[in-house]
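Below, read A as the first sequence line, B as the second, and so on, with proteins coming before strands; counting in each chain starts at 1.
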Number of protein chains: 2
Amino acid sequence: MKRIAESSVRRLSLYLRYLEDFERLGRATISSDELAQCGGTTSSQVRKDLSLFGSFGKRGLGYAVPDLATRLRAILGVGREWRVIIVGAGKIGTALAQYQGFRQHGFKLVGLFDVDPERIGQKWAGVTVRDMERFERDLRRLRPHIAVVTVPADAAQAVIDRVSNAGIKAVLNFAPAGVQARDDVTVRNVNMALELEVLSYALIHGA
Amino acid sequence: MKRIAESSVRRLSLYLRYLEDFERLGRATISSDELAQCGGTTSSQVRKDLSLFGSFGKRGLGYAVPDLATRLRAILGVGREWRVIIVGAGKIGTALAQYQGFRQHGFKLVGLFDVDPERIGQKWAGVTVRDMERFERDLRRLRPHIAVVTVPADAAQAVIDRVSNAGIKAVLNFAPAGVQARDDVTVRNVNMALELEVLSYALIHGA
DNA sequence: ACATGTGAACTGCTTCACAGCG
DNA sequence: CGCTGTGAAGCAGTTCACATGT
């Protein structure tokens, strides 16, 4: 399959969120124009994004809501059960562990790790914090697909290395550090400080 | 000044992070090539990004580390004291309130708001949770520059509206909902569920 | 000799416009 | 007629290559 732009994938994910709202409301069809307005884009963009994966609509009518939702779920892999571990049981790690939207979208927390003896043994969202000492061994049993990294910046690279070496192919990194990883590992960075600086820039230089 | 791409601003923010590391180590100069390797980009890209704002380097030598850091801080507005409020004192809101990197980069938490009587009056990072009833009134005194929104998805749009009407021009939205705002208000969305779906897509379709 | 700064070429995402089909 | 699907055009961001300055 041809390479898809990340921006398209992000939009597909957004479309799906809206489709699920419409699905709940029992709406039968939706036009590219309506989807565009929800997602803050254009109808051309919506049609282009969808056409990358096939022809899902009916000309003159629009898209069947439940059908399109099903197809998007298949494309994005939503609904499969992905096993997720969180490394770093501090403020953010434990907040994420308890985040509801997590499980709702098919992401199942199967492990929580930390190095701090105070934190090891604590339970969050039904999962016990394990010692990083036993990381590799525990991972062989947990077989996670995704690692969420919420450790301090200076520990992030080492954790990403251990995670990659353990065979995990997808990482969501919350540590405010630019990390390197083998290119068979997809790393996404969420960086509060960086987002705030973009806002700071916007405030100074005008929206 | 000419319009700058958001991707450039994000990279500038990253460069600054690395420069501050080098500054701490007492390093005098750095080349575009070294900065590029830190940030996972190319030396051309680094030079282009910096040249958007002026000529900061010396040919044959590179960039003076403290000087470049100072200039980037000025460009990004880092070091100014930005007053920040957090709306929504749930798990994520309170975790963010206690996040250290926050204040370290010149972002000062001046208010915390919620609707839940259980949460109102609690103190986090030295700031008391206030009632949303008194939101507009309190804001006139707090005069925040930035609002961080950590409320449930279904409350997000209403909060963004109140925030915008109160004259705040920058919003960091953690609610998993595509929100609309007047175009004099900069909104940045941080969406866990969306990031996980991008990872899910990558896992299925290959890095 | 070395590394910046920048016009020019290139790549790729977005928008346009319309043919095609229900 | 309405709305999709898509090639073509337009535009923005990235990379290239080299003249320029130290």
Side-chain angles (χ1 to χ4, degrees), chain A residues 1-15 18-19 22 27-72 75 178 183 198 201 205, chain B residues 1-15 18-19 22 27-72 75 178 183 198 201 205:
Chain A
M1 170 151 292
K2 101 168 98 343
R3 160 132 195 76
I4 304 294
E6 184 194 303
S7 48
S8 288
V9 179
R10 298 179 75 86
R11 282 191 300 267
L12 292 173
S13 176
L14 256 182
Y15 303 154
Y18 288 111
L19 280 169
F22 283 114
R27 179 75 175 279
T29 64
I30 190 165
S31 68
S32 58
D33 203 44
E34 285 172 289
L35 264 179
Q37 290 197 280
C38 296
T41 180
T42 66
S43 60
S44 302
Q45 185 74 81
V46 172
R47 292 198 301 276
K48 201 49 124 190
D49 287 336
L50 296 177
S51 76
L52 294 168
F53 295 92
S55 300
F56 306 143
K58 289 209 193 315
R59 290 165 198 251
L61 234 165
Y63 301 87
V65 171
D67 176 54
L68 185 57
T70 302
R71 284 170 180 278
L72 287 184
I75 292 165
D183 56 352
V198 175
Y201 177 88
H205 297 83
Chain B
M1 168 152 296
K2 102 169 96 351
R3 160 131 193 73
I4 306 293
E6 183 194 304
S7 49
S8 287
V9 177
R10 298 180 75 88
R11 281 191 300 267
L12 290 172
S13 176
L14 256 181
Y15 303 154
Y18 289 112
L19 280 168
F22 283 114
R27 178 74 175 280
T29 63
I30 190 166
S31 68
S32 56
D33 202 45
E34 284 173 289
L35 264 180
Q37 290 197 280
C38 296
T41 179
T42 67
S43 60
S44 302
Q45 184 74 79
V46 172
R47 292 199 300 277
K48 208 34 130 199
D49 287 337
L50 296 176
S51 76
L52 295 168
F53 295 92
S55 300
F56 306 144
K58 291 210 194 313
R59 289 165 199 252
L61 235 163
Y63 301 87
V65 171
D67 175 54
L68 186 57
T70 303
R71 285 170 180 279
L72 287 185
I75 291 165
D183 56 353
V198 174
Y201 176 88
H205 298 82

Asks: Just do the side-chain contact (heavy atoms from CB on, under 4.5 Å) check on A:Ser13 and A:Arg10 with the steps written out, would you?
Replies: CA-CA 5 Å; A:Ser13 176; A:Arg10 298 179 75 86; 5.7 Å; no
Asks: Using five base pairs at each end to define the local axes, how bent is the helix from C:dA1-D:dT22 to C:dG22-D:dC1, to the nearest 10°?
Replies: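 End-to-end axis angle for the helix from C:dA1-D:dT22 to C:dG22-D:dC1: 0°, rounded to 10°.
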Asks: Output yes when a side-chain donor or acceptor of A:Gln45 lies under 3.5 Å from a complementary backbone atom of A:Thr42, and no otherwise.
Replies: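 Answer holds: no.
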Asks: Hey, does A:Arg11 reach any base, or is it just sugar-phosphate, or nothing, if we go heavy atoms under 4.0 Å?
Replies: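 Sugar-phosphate contact only.
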Asks: Taking all heavy atoms of B:Phe53 and all of B:Phe56, pick out the closest pair and write down the distance.
Replies: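 Residues B:Phe53 and B:Phe56, closest heavy atoms: O-CZ, 3.4 Å.
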Asks: Kindly determine whether B:Leu50 and B:Leu72 satisfy side-chain contact (heavy atoms from CB on, under 4.5 Å), including the steps that lead there.
Replies: CA-CA 9 Å; B:Leu50 296 176; B:Leu72 287 185; 4.0 Å; yes
Asks: In whole Å, what is the span from the CD atom of B:Glu34 to the C1' atom of C:dT4?
Replies: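 Spelled out: CD on B:Glu34 to C1' on C:dT4 is 14 Å.
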Asks: Does anything in residues 41-52 of chain B come within less than 4.0 Å of DNA chain D? Heavy atoms only, and list the residues if so.
Replies: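 Close to the strand are B:Thr42, B:Ser44, B:Gln45, B:Arg47, B:Lys48.
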Asks: Do any N or O atoms from the side chain of A:Tyr15 and from the backbone of A:Asp49 form a donor-acceptor pair under 3.5 angstrom?
Replies: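 No: the side chain of A:Tyr15 does not pair with the backbone of A:Asp49.
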Asks: Rounded to the Å, how far apart are A:Ile4 CD1 and C:dC13 P?
Replies: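 About 9 Å, once rounded to whole Å.
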Asks: Out of A:Ser31, A:Ser32, A:Ser55, which residue meets the side-chain hydrogen bond (donor to acceptor under 3.5 Å, both in side chains) rule with A:Arg47?
Replies: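 Exactly one option meets the side-chain hydrogen bond (donor to acceptor under 3.5 Å, both in side chains) with A:Arg47, and it is A:Ser32.
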Asks: Can any side-chain N or O of B:Tyr63 pair as donor or acceptor with the backbone N or O of B:Leu68 at less than 3.5 Å?
Replies: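 Side chain of B:Tyr63 to backbone of B:Leu68: no pair is present.
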Asks: Whole angstroms only, please: what is the CG-P distance between B:Leu35 and C:dG5?
Replies: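 Computing the B:Leu35:CG to C:dG5:P distance gives 12 Å.
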Asks: Just how far, in rounded Å, is P of C:dT14 from CD of A:Glu6?
Replies: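 The answer, rounded to whole Å, is 11 Å.
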Asks: Among residues 54-70 of chain A, which contact DNA chain C at a heavy-atom distance under 4.0 Å?
Replies: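 Within this stretch, A:Arg59 sit under 4.0 Å of the strand.
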Asks: Check whether any side-chain N or O of A:Ser32 sits under 4.0 Å from OP1 or OP2 of D:dT4, and answer yes or no.
Replies: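 Looking at the OP1 and OP2 atoms of D:dT4, one of them is under 4.0 Å from a side-chain N or O of A:Ser32.
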Asks: Could you report the tightest heavy-atom contact between A:Val198 and B:Glu6, atom names first, then the distance?
Replies: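 The pair with the smallest heavy-atom distance is CG1-CG, 4.5 Å.
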Asks: What's the shortest heavy-atom distance between B:Leu19 and B:Ile30, and which atoms?
Replies: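 Distance-wise, the nearest heavy atoms are CD2-CG2, 4.0 Å.
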Asks: Distance check needed: D:dG13 P versus B:Leu12 CG, whole Å only.
Replies: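 To the nearest whole Å, that distance equals 13 Å.
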Asks: Take B:Tyr201 and A:Leu12, measure what side-chain contact (heavy atoms from CB on, under 4.5 Å) needs, and give me the verdict at the end.
Replies: CA-CA 10 Å; B:Tyr201 176 88; A:Leu12 292 173; 5.7 Å; no
Asks: Give a yes or no on whether the backbone of A:Glu34 and the side-chain of A:Gln37 come within a donor-acceptor separation of less than 3.5 Å.
Replies: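 No; judged by distance alone, with no hydrogens or angles, the pair does not exist.
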